[in-house]
Amino acid sequence: MATYILVDYANLIHRCKHAIPGDVALKTGMTMQTALNSFRKMWRLFDGSHIVVCMEGGSWRKDYYPKYKANRAVNDALRSRKEMEDDAFYFEAMNQFAEFLDQKTNVTVIREKGIEADDLIARWIDLHPDSKHIILSGDSDFYQLLADNVSIYDGVKDQTITTTTVTDGDGNPVVHTKNVKKKDPKTGREVTKKVSTLVEPPNPEYELFKKCVRGDSSDNIMSAYPGVREKGTLKKPGIIEAFNDRKAKGYDWNAFMLEEWDKVEMDSDGEPVSHRVRVIDEFNFNNLLINLRAQPPEIKTKIDTAILNAVQKPEVKSVGIRLMQFCEAMDLVNIGRNPNEYAKILTSRYE
């Protein structure tokens with residue numbers, strides 16, 4: 001059984017950009033080194049067979065929802081000239097790194113106009129149901145894809161997330177510790193004690209359901225039910241109760257989904273306009289944007305074609321020499337001193 005290491009490239013380089021101190025030149029070199037070290041670590045940890053790098057190509061979702069990720073454009077416009085120059089330098093270097101992986105190694109690199117990396121990863125998994133998949137990303141959007149053959153590795157936290165466990169880099173269960181106030185039975189006074197509990201693994205179906213209700217502020221997707229509680233009350237069901245009733249579609253489901261609220265949006269003149277909406281209609285719309293298996297048929301066909309074209313690239317020979325040349329050009333001294341293990345990983349072809 002093949003084990004594919006699926007790399008969310010944008011997530012990887014953005015997290016490195018913000019986590020690595022120093023000037024932009026240092027960030028650039030350290031990001032490339034961190035990426036290659038992440039490939040090596042995952043290869044060892046999960047007995048990898050092939051690296052698949054999935055890149056951003058824009059989004060088809062903007063055709064359905066023009067405001068999708070519009071908040072990011074606003075944030076970009078607020079950058080200083082120095083920040084814009086540094087970003088241009090950094091991301092150009094990251095494109096060169098991706099180009100190296102695509103043209104000088106046997107890594108599969110996929111990028112398609114109008115398709116996001118999340119879509120590519122989800123579709124790759126569905127097209128390879130008999131293989132194991134490890135997603136390299138810290139993005140919780142991927143929780144919905146967890147399955148018996150799909151795990152997530154968060155390189156920043158050094159945690160592996162499956163449907164049954166959350167473990168650290170040594171394979172030990174991750175423990176969450178918090179302060180809890182309790183009454184001392186002897187004195188009757190309130191004292192604070194540390195309580196440790198195992199971190200529960202995400203339920204993929206529930207994580208998707210909850211996100212479709214909550215929306216995603218980072219992508220500018222509004223909540224389908226603003227202010228709703230995750231756990232409801234006797235009088236008003238919450239997200240958990242609606243989820244548990246999703247198959248029977250009884251009282252909790254209907255009371256939740258048929259709730260109405262006033263949605264305020266801006267018209268073409270920039271004036272606020274309020275209209276009455278139902279939770280179920282907003283939920284279904286959010287599902288189209290958030291559910292990584294809900295792409296329209298023509299988009300799935302486009303993704304399938306992009307994947308097929310990417311895996312059919314000719315075999316690259318002498319990957320080790322090409323890696324050494326790249327390390328010399330990019331001043332990746334540590335990688336260049338011991339390129340053999342990295343070269344072995346980058347040589348492994350899709351089969």
Side-chain angles (χ1 to χ4, degrees), residues 8 11 59 61 64-65 67-69 71-72 116-119 121-123 125-126 133 135 137-154 156-157 159-167 174 176 178 197-263 277-295:
D8 179 1
N11 181 271
S59 182
R61 290 171 175 85
Y64 289 81
Y65 182 50
K67 297 178 183 178
Y68 181 69
K69 293 187 177 180
N71 51 331
R72 301 190 185 187
E116 296 183 67
D118 296 18
D119 296 312
I121 289 172
R123 194 66 183 147
I125 291 169
D126 287 349
H133 308 276
I135 302 170
S137 181
D139 192 342
S140 62
D141 287 354
F142 290 116
Y143 286 174
Q144 62 180 280
L145 299 179
L146 288 168
D148 290 344
N149 66 329
V150 180
S151 303
I152 298 169
Y153 177 71
D154 186 333
V156 173
K157 295 180 179 179
Q159 293 180 1
T160 301
I161 304 165
T162 74
T163 56
T164 57
T165 60
V166 179
T167 53
V174 175
H176 173 68
K178 64 179 180 179
T197 56
L198 291 179
V199 174
E200 293 291 329
N203 176 331
E205 193 175 354
Y206 178 69
E207 292 298 328
L208 174 58
F209 184 89
K210 181 171 66 173
K211 195 150 196 172
C212 288
V213 174
R214 292 288 195 209
D216 189 340
S217 59
S218 66
D219 289 342
N220 209 33
I221 300 174
M222 294 180 66
S223 172
Y225 196 161
V228 70
R229 295 182 177 182
E230 185 165 4
K231 182 172 179 56
T233 64
L234 291 175
K235 295 182 178 180
K236 194 171 186 177
I239 299 174
I240 293 173
E241 290 78 17
F243 174 77
N244 291 337
D245 197 27
R246 70 195 183 284
K247 294 180 180 177
K249 289 185 168 52
Y251 171 79
D252 286 340
W253 171 269
N254 284 287
F256 186 93
M257 286 296 182
L258 299 181
E259 181 73 18
E260 296 184 356
W261 57 280
D262 292 318
K263 184 176 184 179
V277 298
R278 297 188 308 169
V279 171
I280 191 168
D281 298 322
E282 298 300 302
F283 177 91
N284 288 336
F285 182 72
N286 284 358
N287 184 70
L288 172 67
L289 301 176
I290 293 171
N291 187 341
L292 295 178
R293 290 189 168 99
Q295 302 95 341

Side-chain donor-acceptor contacts of residues 241-248 below 3.5 Å, not counting sequence neighbours, with atom names and distances?
residue	atom	partner	partner atom	Å
Glu241	OE1	Gly232	N	2.9
Glu241	OE1	Gly238	N	2.8
Glu241	OE2	Gly232	N	3.4
Asn244	ND2	Ile240	O	3.3
Asp245	OD1	Gly250	N	3.2
Asp245	OD2	Gly250	N	2.8
Asp245	OD2	Asp252	N	3.3
Asp245	OD2	Trp253	N	2.9
Arg246	NE	Glu205	OE2	2.9
Arg246	NH1	Phe243	O	2.8
Arg246	NH2	Glu205	OE1	3.2
Arg246	NH2	Glu205	OE2	3.3

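- Separating the NZ atom in Lys211 from the CG atom in Leu289 is a distance of 12.0 Å, to the nearest 0.5 Å.
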Side chain to side chain contact (heavy atoms under 4.5 Å, CB included) evaluation trace for Asn286 with Arg214: CA-CA 9 Å; Asn286 284 358; Arg214 292 288 195 209; over 6 Å; no
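- Among all heavy-atom pairs drawn from Gly138 and Asn11, the shortest one is N-OD1, 3.1 Å.
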Passes side chain to side chain contact (heavy atoms under 4.5 Å, CB included), Glu200 versus Val166? Steps please. CA-CA 7 Å; Glu200 293 291 329; Val166 179; over 6 Å; no
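- For Lys157, the NZ atom sits in a loose shell: 12 or fewer heavy atoms of surrounding residues, nucleotides or ligands are nearer than 6.0 Å.
- For the pair Leu198 and Val174, the minimum side-chain heavy-atom distance is 4.5 Å or more.
- A distance of 7.5 Å separates CD1 in Ile125 from CG in Asn149, rounded to the nearest 0.5 Å.
- Within the 3.5 Å criterion, the main-chain N or O of Tyr68 finds no donor-acceptor partner in the side chain of Asp219.
- If you take CD1 on Ile161 and OH on Tyr143, they are separated by 4.0 Å, rounding to the nearest 0.5 Å.
- In terms of the ring pair (Phe, Tyr, Trp, His ring centres under 6.0 Å) criterion, residue partners of Tyr65 (sequence neighbours excluded) are, by chain and number, Phe285.
- The 12-atom threshold is exceeded at CG of Asp262, counting heavy atoms of other residues, nucleotides or ligands nearer than 6.0 Å.
- When all heavy atoms of Val156 and Asp154 are compared, the closest pair comes out as N-OD1, 3.1 Å.
- Atom CG of Asp8 is separated from atom CD1 of Ile135 by 9.0 Å, given to the nearest 0.5 angstrom.
- By the ring pair (Phe, Tyr, Trp, His ring centres under 6.0 Å) test, Phe256 pairs with Tyr225, sequence neighbours left out.
- Side-chain contact between Arg229 and Lys236 is absent, with no heavy-atom pair separated by less than 4.5 Å.
- Taking every heavy atom of both residues into account, Ser223 and Val213 meet most closely at OG-O, 3.0 Å.
- Of all heavy-atom pairs between Asn71 and Ser218, the closest is ND2-O, 3.4 Å.
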